[in-house]
Amino acid sequence: VDTVKVISAIFTGNFAEYGGGMFIRRGHHYSNNLVMYNNTSTYGGALIVQNNMAASGTIDFINSTFVNNYSTYGKSLRID
């Protein structure tokens, strides 16, 4: 299983139907020093995670900040 790493990144002012800043579907994800700010979506303002645990994936957010994200369903985070 692949691992996606995001180090020292800022996601701001993004819009999407699923996960304004980030959509995590399967596999392993590692973020360190991440800022998710002012992102908007219908499902999961900053990010959405779908089917990850069923696929034995792991998600790690270290020193990460989620501020002022908006979503109709899930506000900053949505985990399905």
Side-chain angles (χ1 to χ4, degrees):
V1 177
D2 294 330
T3 299
V4 174
K5 293 183 180 183
V6 179
I7 312 279
S8 297
I10 298 171
F11 291 80
T12 185
N14 297 293
F15 175 80
E17 184 173 355
Y18 294 93
M22 190 181 295
F23 186 128
I24 301 171
R25 178 79 176 172
R26 288 192 175 91
H28 303 291
H29 178 88
Y30 173 85
S31 287
N32 189 348
N33 198 25
L34 175 71
V35 175
M36 302 289 272
Y37 175 73
N38 268 356
N39 298 291
T40 305
S41 75
T42 305
Y43 301 94
L47 70 97
I48 188 167
V49 178
Q50 287 189 334
N51 300 322
N52 206 61
M53 296 304 113
S56 299
T58 59
I59 302 171
D60 293 306
F61 288 96
I62 311 298
N63 299 322
S64 297
T65 304
F66 299 84
V67 178
N68 202 39
N69 298 287
Y70 176 79
S71 176
T72 307
Y73 304 100
K75 302 308 171 198
S76 276
L77 305 175
R78 182 178 175 100
I79 301 174
D80 288 337

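Note that this is a predicted model, so its numbers are computed, not measured.
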Would you say [Y] ends up clustered with [X] if hydrophobic residues are merged whenever their side chains have heavy atoms under 4.5 Å apart, either directly or through other cluster members?
X     : Y     : result
Ile79 : Val6  : yes
Val67 : Leu34 : no
Ile59 : Ile62 : no
Ile48 : Leu77 : no
Met22 : Ile10 : no

From OH (Tyr43) to CZ (Phe23), nearest 0.5 Å
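With rounding to 0.5 Å, OH (Tyr43) is 12.0 Å from CZ (Phe23).
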Non-hydrogen atoms of [X] and [Y] that approach each other most closely:
X     : Y     : answer
Ser41 : Gly20 : CB-N, 3.4 Å
Gly44 : Arg78 : CA-CB, 3.8 Å
Ser31 : Ser64 : O-OG, 4.1 Å

Sub-3.5 Å donor-acceptor pair from the side chain of [X] to the main-chain atoms of [Y], do we have one?
X     : Y     : result
Asn69 : Met36 : yes
Asn38 : Thr12 : no
Ser76 : Gly45 : no

Do other residues, nucleotides or ligands put more than 12 heavy atoms under 6.0 Å from Tyr73 OH?
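At most 12 heavy atoms, drawn from other residues, nucleotides or ligands, come within 6.0 Å of this atom.
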Using side-chain heavy atoms (C-beta onward) and a distance below 4.5 Å, is Leu47 in contact with Phe11?
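The answer is no, as the side chains (C-beta and beyond) never meet within the 4.5 Å cut-off.
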Thr65 and Tyr37: CA distance, side-chain angles, deciding distance, side chain to side chain contact (heavy atoms under 4.5 Å, CB included) verdict
CA-CA 8 Å; Thr65 304; Tyr37 175 73; over 6 Å; no
Plane angle bin for Phe61 and His29 - parallel if under 30°, tilted between 30 and 60°, otherwise perpendicular
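Tilted, since the angle between the ring planes falls between 30° and 60°.
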Between Asn63 and Asn33, a side-chain donor and acceptor under 3.5 Å:
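No.
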Sole candidate of Asp60, Thr3, Thr58 that passes side-chain hydrogen bond (donor to acceptor under 3.5 Å, both in side chains) when paired with His28:
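By the side-chain hydrogen bond (donor to acceptor under 3.5 Å, both in side chains) criterion, His28 pairs with just one of Asp60, Thr3, Thr58: Thr58.
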